[in-house]
Amino acid sequence: QVQLVESGGGLVQAGGSLRLSCAASGTVFSRTTMAWYRQAPGKQRGSVASITSSGSTNYAGTVKGRFTISRDNAKNIVYLQMNDLKPEDTAVYYCFALTEGANVRNYWGQGTQVTVSS
């Protein structure tokens, strides 16, 4: 019922910036916790950042201070601003949604590639 589509990935040099976008379809976006995950080759998928419907945020220690998650409920979009990118940030980045309340649902996007060269 909810579809997530990521965009904004690409190739950048170390120290550069990218902004990822996740566009969500459906009627439950404003009551949904949104998050970004990433997976590098040969490694497990791990959380990067999350934001609740009320605006509370959480970040992985490796990206705190460099990445910022935000959401625009009017446009049904969640963003991940990534600054001071490092080669170890290279991964496929996935958008994730978890509905709030008793009727729990979760959804994944297809992912967007981020490559950081040294």
Side-chain angles (χ1 to χ4, degrees):
Q1 187 167 333
V2 174
Q3 183 177 357
L4 307 176
V5 180
E6 301 97 332
S7 62
L11 173 64
V12 297
Q13 295 185 12
S17 298
L18 284 173
R19 188 177 73 163
L20 306 183
S21 299
C22 174
S25 63
T27 61
V28 298
F29 183 82
S30 63
R31 297 291 297 173
T32 302
T33 293
M34 305 296 298
W36 288 95
Y37 284 70
R38 68 185 182 186
Q39 186 168 22
K43 298 183 179 179
Q44 295 180 341
R45 186 176 300 184
S47 63
V48 177
S50 64
I51 183 168
T52 68
S53 62
S54 64
S56 297
T57 58
N58 187 63
Y59 297 92
T62 52
V63 306
K64 190 174 180 61
R66 298 189 297 123
F67 292 10
T68 302
I69 189 171
S70 61
R71 64 193 296 163
D72 185 337
N73 289 336
K75 297 181 178 180
N76 294 339
I77 298 175
V78 62
Y79 302 97
L80 185 67
Q81 178 67 48
M82 305 186 294
N83 298 325
D84 191 25
L85 283 162
K86 306 177 184 299
E88 51 263 41
D89 295 319
T90 295
V92 177
Y93 284 71
Y94 297 91
C95 185
F96 174 78
L98 177 69
T99 58
E100 298 171 0
N103 191 16
V104 177
R105 300 284 191 275
N106 61 74
Y107 308 90
W108 288 97
Q110 291 297 111
T112 185
Q113 177 71 48
V114 172
T115 303
V116 184
S117 62
S118 60

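Arg38 CZ to Thr112 OG1: the interatomic distance, rounded to the nearest 0.5 Å, is 14.0 Å. If you take OG on Ser21 and CG on Asp72, they are separated by 10.5 Å, rounding to the nearest 0.5 Å. Between the CD atom in Gln81 and the CD1 atom in Ile69 there is a gap of 12.0 Å [rounded to 0.5 Å]. Considering OG1 of Thr52 and CZ of Arg31, their distance stands at 9.5 Å, rounded to 0.5 Å. To the nearest 0.5 Å, the span separating OG on Ser50 from OH on Tyr59 amounts to 9.0 Å. To the nearest 0.5 Å, atoms NZ (Lys64) and OG1 (Thr57) are separated by 6.5 Å.
Thr99 places a side-chain N or O within 3.5 Å of a backbone atom of Arg105 that can act as its donor or acceptor partner. Within the 3.5 Å criterion, the main-chain N or O of Gln110 finds a donor-acceptor partner in the side chain of Glu6.
Looking at Leu4 and Met34, their side chains come closer than 4.5 Å, going by heavy atoms from C-beta outward. Residues Glu88 and Thr62 form no side-chain contact, since every pair of their non-hydrogen atoms from C-beta on lies 4.5 Å or further apart. In this structure, the side chains of Asp89 and Met82 stay at 4.5 Å or more apart for every pair of heavy atoms. Between Phe67 and Leu85 there is a side-chain heavy-atom pair separated by less than 4.5 Å.
A continuous path of Ile, Leu, Val, Met, Phe, Trp and Tyr side chains, each step under 4.5 Å between heavy atoms, connects Val48 with Tyr107, placing both in one hydrophobic cluster. Cluster membership check: Tyr94 does not share its hydrophobic cluster with Leu18, using side-chain heavy-atom separations under 4.5 Å among Ile, Leu, Val, Met, Phe, Trp and Tyr. Residue Tyr37 is not grouped with residue Tyr93 when hydrophobic side chains (ILVMFWY) are merged at heavy-atom distances under 4.5 angstrom, including chains of intermediate members.
Pro87 approaches Ser118 most closely through the heavy-atom pair CG-CB, 3.9 Å. Listed here is the closest heavy atom pair of Gly9 and Val114: CA-CG2, 4.2 Å. For Gly111 against Val92, the heavy-atom pair with the smallest separation is CA-CG1, 3.9 Å. When all heavy atoms are compared, the tightest approach of Ser17 to Asn83 is OG-OD1, 3.0 Å. Nearest approach of Leu98 to Asn106, heavy atoms of both residues: CD1-CB, 4.0 Å.
Sorted by first then second residue, the disulfide bond (SG atoms under 2.5 Å apart) pairs that include residues 79-118, not counting sequence neighbours, are Cys22-Cys95.
Note that Arg19 lies in the cation-pi zone of Tyr79, set by a 6.0 Å cut-off to the ring centre and a 45° limit from the axis.
Glu100 and Thr33 share a donor-acceptor pair across their side chains, judged by distance under 3.5 Å alone.
The aromatic rings of Trp108 and Phe96 sit tilted relative to each other, their planes meeting at an angle between 30° and 60°.
Applying the under-4.5 Å side-chain rule to Ile, Leu, Val, Met, Phe, Trp and Tyr, the cluster around Val5 consists of that residue alone. The hydrophobic cluster around Leu11 extends to none of the other residues, as no ILVMFWY side-chain heavy atom falls under 4.5 Å of it.
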